[in-house]
Amino acid sequence: MKDVHEEVKNYYGKELTVSEDLKTNACCTMEEPAEYIKAALANIHDEVMAKYYGCGLAIPSKLEGLRILDLGSGSGRDCFILSQLVGQNGEVIGVDMTDEQLEVANRHIDYHTKQFGYNRSNVRFIKGNIESLETLNLAPQSFDLIISNCVINLAKDKAKVLADTYRLLKPGGEMYFSDVYSDRRISQKLQDDPMLWGECLSGALYWNDFLRMARTAGFTDPRSVKNNPITIENKEVEEKCGDIKFFSVTYRLWKIDGLEDECEDYGQAVAYKGTIKNNISSFDLDDHHNFPKNKIMTVCGNTYKMLYDTRLAEHFEFYGSWNTHYGIFEGCGGAMPFSTENGETAGCC
Ligand SMILES: C[S@@+](CC[C@H](N)C(=O)[O-])C[C@H]1O[C@@H](n2cnc3c(N)ncnc32)[C@H](O)[C@@H]1O
């Protein structure tokens, strides 16, 4: 491809006009959202919904009052969901480089401000390249949360996006994002195919390269939240891709000092108080940590920190200290963390 950014702008600005124009099901969320997300979606303008091209649900819990950045915000669907969940005093900023997408998002700001009963908008959209975030006048360490939905795969310099994301997050903040990954590295020939790249397939990272890249950027313990196999559903594209398997995965990457590269056991435990809105009976930190209300559960040092050093802290009771190390936390392994069958994971703390 001559210029990836021009090809991507052309794909999302001109080639596609609505979600149904996609040639595969890679940029398409399949999961059923929770009831409170469905209620938020019901308030969103049809035109914004029609131009949604996400591949997962990049909306974590406990968002009241947060300052959030959406990388590759498209027509703005996720920003307008977040706008409702952060409340009038939160702030949501979407960045996208495609004029046609930004035009739709901007044109519907007033509609959504009224729809949500706000006296001023808490959402704005900026034109920009997520590979040059330093040019956008965004202060370092100023965001509680950075989300992205099916975009990083389209970037050329993914390592730079992750490094800049780390820089923009406050300590204790997180990147929570859905994207496409592959079970092996993708050949240059496939990467040079603009349609495969635009469909969010040939720019996908091999999952283990992604984990390495995330750790290098400072996100020492990437946690997968949800994964689904992508079935493509297009004979011609399937033939081009051969044996490569693709997954849509939602990761949460915490910016927390002192996370370790392995899960270590300090004899610590936590109990969830049941106080996070819309998570009354239990809380899912990731795909292998479900905390039922009031149940005391042993955790590794990293999980303890993800709860203690973040916005989640007030919702947990904490037990134990860092005084004694009991060795590696049991249950960790290095296999591919995604199942090709039913979305279940091998599970690793
Ligand atoms: C698959 S769509 C997803 C859009 C949106 N997140 C959604 O869920 O509907 C990809 C979007 O990312 C934007 N994009 C891709 N690469 C980008 C980059 N390097 N900088 C800024 N935006 C980018 C495209 O313009 C497009 O709007």
Angle class for the [X]/[Y] ring planes (parallel below 30°, perpendicular above 60°, tilted otherwise)?
X    : Y    : result
Y266 : H325 : tilted
F210 : Y251 : tilted
F316 : F283 : perpendicular
Y304 : Y308 : parallel

Main chain of [Y], side chain of [X]: is a donor-acceptor contact present, judged purely on distance under 3.5 Å?
X    : Y    : answer
T135 : S132 : yes
K255 : L169 : yes
N153 : G203 : no
D96  : G74  : yes
N302 : L259 : no
S148 : D70  : no
W197 : L154 : yes

Audit row: L136, V95, side chain to side chain contact (heavy atoms under 4.5 Å, CB included) steps and yes/no
CA-CA 9 Å; L136 300 184; V95 178; 3.7 Å; yes
Does [X] pair with [Y] as a salt bridge, N-O distance under 4.0 Å?
X    : Y    : answer
R185 : D209 : yes
D192 : K189 : no
K245 : D243 : no
K127 : D99  : yes
K51  : E100 : no
E91  : R124 : yes
D164 : K160 : yes

Residues E199, Y11; criterion side chain to side chain donor-acceptor pair (under 3.5 Å); working and verdict:
CA-CA 9 Å; E199 287 285 316; Y11 208 71; 2.6 Å; yes
What pair of heavy atoms forms the shortest contact from [X] to [Y], and how long is it?
X    : Y    : answer
I126 : L102 : O-CD2, 3.8 Å
K38  : P33  : CE-O, 3.5 Å
S121 : I109 : OG-CG2, 3.3 Å
I44  : R77  : CD1-O, 3.6 Å
N25  : I232 : OD1-N, 2.9 Å

Any [X] side-chain heavy atom under 4.5 Å of [Y] side chain:
X    : Y    : result
K277 : K62  : no
L69  : L145 : no
R311 : E174 : yes
H45  : V104 : no
V48  : H112 : yes
M297 : P292 : yes
M213 : L205 : yes
E330 : D265 : no

Test side chain to side chain contact (heavy atoms under 4.5 Å, CB included) applied to I147 and L82, step by step
CA-CA 10 Å; I147 71 144; L82 292 166; 3.6 Å; yes
Where do E236 and K23 land on the salt bridge (charged side-chain N to carboxylate O under 4.0 Å, His left out) test, with the steps shown first?
CA-CA 10 Å; E236 192 192 326; K23 294 175 182 57; over 6 Å; no
Does [X] count as lying over the ring of [Y], i.e. NZ or CZ under 6.0 Å from the six-ring centre, within 45 degrees of the axis?
X    : Y    : answer
R184 : Y206 : no
R67  : F143 : yes
K305 : W322 : yes

Is it true that the side chains of [X] and [Y] contain a donor and an acceptor less than 3.5 Å apart?
X    : Y    : answer
Q88  : N122 : no
N234 : T24  : no
S224 : R252 : no

Hey, could you give me the CG/CG distance between N279 and L312, rounded to the nearest 0.5 Å?
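So the gap between those two atoms works out to 9.5 Å.
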Output the distance between atom CG (L71) and atom CD1 (I93), rounded to the nearest 0.5 Å.
11.0 Å
Sole residue of N227, N228, T250, D78 in side chain to side chain donor-acceptor pair (under 3.5 Å) with S178:
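Going through the options one by one, the only one that passes is T250.
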If you count the non-hydrogen atoms of other residues, nucleotides and ligands that lie under 6.0 Å from [atom1] in [X], is the total more than 12?
X    : atom1 : value
N137 : CG    : no
K273 : NZ    : yes
N119 : CG    : yes

So that I know where these two stand, are F246 and Y181 an aromatic pair - ring centroids less than 6.0 Å apart?
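Ring centroids of F246 and Y181 are no less than 6.0 Å from each other.
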Centroid-centroid distance, F125 to F80, less than 6.0 Å:
yes
Would T298 and Y319 count as a side chain to side chain contact (heavy atoms under 4.5 Å, CB included) if you check the C-alpha gap in whole Å, the side-chain angles of each, and the deciding distance to 0.1 Å?
CA-CA 9 Å; T298 56; Y319 306 92; over 6 Å; no
Are V8 and V18 co-members of a hydrophobic cluster defined by side-chain heavy atoms under 4.5 Å apart?
no
Passes side chain to side chain donor-acceptor pair (under 3.5 Å), T231 versus E233? Steps please.
CA-CA 6 Å; T231 48; E233 310 291 337; 2.9 Å; yes
What's the verdict on side chain to side chain donor-acceptor pair (under 3.5 Å) for N43 and Q84, showing C-alpha distance, side-chain angles and the deciding distance?
CA-CA 9 Å; N43 288 326; Q84 298 172 72; 2.8 Å; yes
Under the side chain to side chain contact (heavy atoms under 4.5 Å, CB included) rule, what do K293 and T275 come out as? Steps first, then yes or no, please.
CA-CA 9 Å; K293 181 179 174 181; T275 47; over 6 Å; no
Going through the distances and angles, do K240 and D193 end up as a salt bridge (charged side-chain N to carboxylate O under 4.0 Å, His left out)?
CA-CA 10 Å; K240 278 189 184 179; D193 183 322; 2.7 Å; yes
Derivation and outcome, salt bridge (charged side-chain N to carboxylate O under 4.0 Å, His left out), residues E131 and K158:
CA-CA 8 Å; E131 294 169 65; K158 297 161 171 66; over 6 Å; no
